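Below, read A as the first sequence line, B as the second, and so on, with proteins coming before strands; counting in each chain starts at 1. The model shown is predicted, which means the values in this text are computed figures rather than measured ones.
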2 protein chains.
Amino acid sequence: MRIAEVSERYDISSDTLRYYERIGLLPSVNRNGSGIRDYSEIDTRRVKFVKCMRSAGLPIDVLIKYMELVQQGDKTIEARKEILKDQRELLAARIAEMQATLELLDHKIEVYENAVLRAEKAILEIEA
Amino acid sequence: MRIAEVSERYDISSDTLRYYERIGLLPSVNRNGSGIRDYSEIDTRRVKFVKCMRSAGLPIDVLIKYMELVQQGDKTIEARKEILKDQRELLAARIAEMQATLELLDHKIEVYENAVLRAEKAILEIEA
DNA sequence: CCTTGACTTGGAGTTAACTCCAAGTGATAC
DNA sequence: GTATCACTTGGAGTTAACTCCAAGTCAAGG
């Protein structure tokens, strides 16, 4: 699969895909005879994983480290697990923080709704 | 209250507090005779609000717009409500995305746990 | 054969959000 | 009274993560 199709399928620009490969976040993709990238199914699974992690806010340097360990095979399983556990906890904390902000927003929106309603009621009473 | 105390209380650097004031995210804080900022209780409530919204990832430009509307009084209530509703939806979407990633991480961690357990079991069997 | 269009590279530029710095001021400690 | 310290300003520098660009290659269509 060519870069344009991967880009469209996972909604990541070609520039970003090449950038990820350059910095080692995605391992080198195989090329065809003319040097053009040909993404394998495994490559696309990696793209999907990286996209998912990046969308959740995991930092690139941590993900590079993780992908390096993946390349090194089974002896790095413990280290990889620790990275994922650390990031899992950080992510859970961020979600909790955002959830609290969501509730605050809901509360403020409700206060505004009531303010609008009171204002409308006041206008009706004047008109009546 | 001086900037250092606000900084410590809300865990925002003095530089950031001054930066927020410069770009209009926080309204000008009153100064004492020697030009030093003296944060009022209202000021600190605003700091707390901005800190909360920023931590949840709301962009600065949107928050500046919101704070400008707050300064303009009651006639902007409807507009402010719309901003908060928009941001609420964006935030809810991001939380959902992150929640899905959290679950994926949990799944991967579990897979790694099992891999480690299998490896340990294999070693025990060799030793036995 | 020539044009078109997707691809390639290395490197430069951009964006958001800070973060730091130099030079200066005023109040307090010794 | 002078050293120290937190504060002030305007502006420059940094960081993370892209994003864009110029110049070139290659395959397919007319």
Exercise. Decide side-chain contact (heavy atoms from CB on, under 4.5 Å) for B:L104 and A:M53; before the verdict, give the C-alpha distance in whole Å, the side-chain angles of both, and the deciding distance to 0.1 Å.
Key: CA-CA 9 Å; B:L104 176 58; A:M53 296 299 131; 3.7 Å; yes
Self-check item: Residue closer to the 5' end of DNA chain D, A:R22 versus B:S14 (nearest nucleotide)
Solution: B:S14
Quiz prompt | Audit row: A:V47, A:Y20, side-chain contact (heavy atoms from CB on, under 4.5 Å) steps and yes/no | solution = CA-CA 9 Å; A:V47 169; A:Y20 283 173; over 6 Å; no
Quiz item: Do the side chain of B:R37 and the main chain of B:R18 share a donor and acceptor less than 3.5 angstrom apart?
Solution: no
Practice problem: Please step through salt bridge (Lys or Arg N to Asp or Glu O under 4.0 Å) for the pair B:E78 and B:K81, ending with a clear verdict. | Solution: CA-CA 5 Å; B:E78 191 68 38; B:K81 199 182 78 184; 3.5 Å; yes
Exercise. Please list, in 5' to 3' order, the outermost nucleotides of DNA chain C lying under 4.0 Å from any heavy atom of chain B.
Key: C:dA17 to C:dA27
Practice problem: Let me know, please, whether B:G33 or B:R18 comes out on the 5' side of the other along DNA chain C by nearest nucleotide. | Solution: B:R18
Quiz item: Which residues within residues 49-63 of chain A lie with some heavy atom under 4.0 Å of an atom in DNA chain D?
Solution: A:R54, A:P59, A:I60
Quiz item: Looking only at atom types and distance, does a side-chain atom of B:D43 sit under 3.5 Å from a main-chain N or O of B:S40, one as donor and one as acceptor?
Solution: yes
Quiz item: Given B:L102 and B:M98, is the side-chain contact (heavy atoms from CB on, under 4.5 Å) satisfied, shown in steps?
Solution: CA-CA 6 Å; B:L102 187 70; B:M98 290 164 80; over 6 Å; no
Exercise. Between B:S34 and A:I3, just flag the one whose closest nucleotide in DNA chain C comes earlier from the 5' side.
Key: A:I3
Quiz prompt | Length of the CD1-P vector between A:I36 and D:dA28, whole Å | solution = 10 Å
Quiz item: B:R2 side chain to B:V6 main-chain N or O, any donor-acceptor pair under 3.5 Å?
Solution: no
Practice problem: Determine, for B:Y112 and A:K85, whether the Lys NZ or Arg CZ falls below 6.0 Å from the six-membered ring centre while staying within 45 degrees of the axis. | Solution: no
Exercise. Without swapping roles, check the side chain of B:R9 against the backbone of B:S7 for a donor-acceptor pair under 3.5 Å.
Key: no
Quiz item: With ring centroids as reference points, do A:Y39 and A:Y10 lie under 6.0 angstrom apart?
Solution: no
Exercise. For B:S13 and B:T16, indicate whether the former's side chain and the latter's backbone hold a donor-acceptor pair under 3.5 Å.
Key: yes
Exercise. Could you tell me, to 10°, how much the axis swings from one end of the helix from C:dC1-D:dG30 to C:dC30-D:dG1 to the other, five pairs per end?
Key: 10°
Quiz item: Given atom CZ of A:R31 and atom P of D:dC26, what is their separation to the nearest angstrom?
Solution: 13 Å
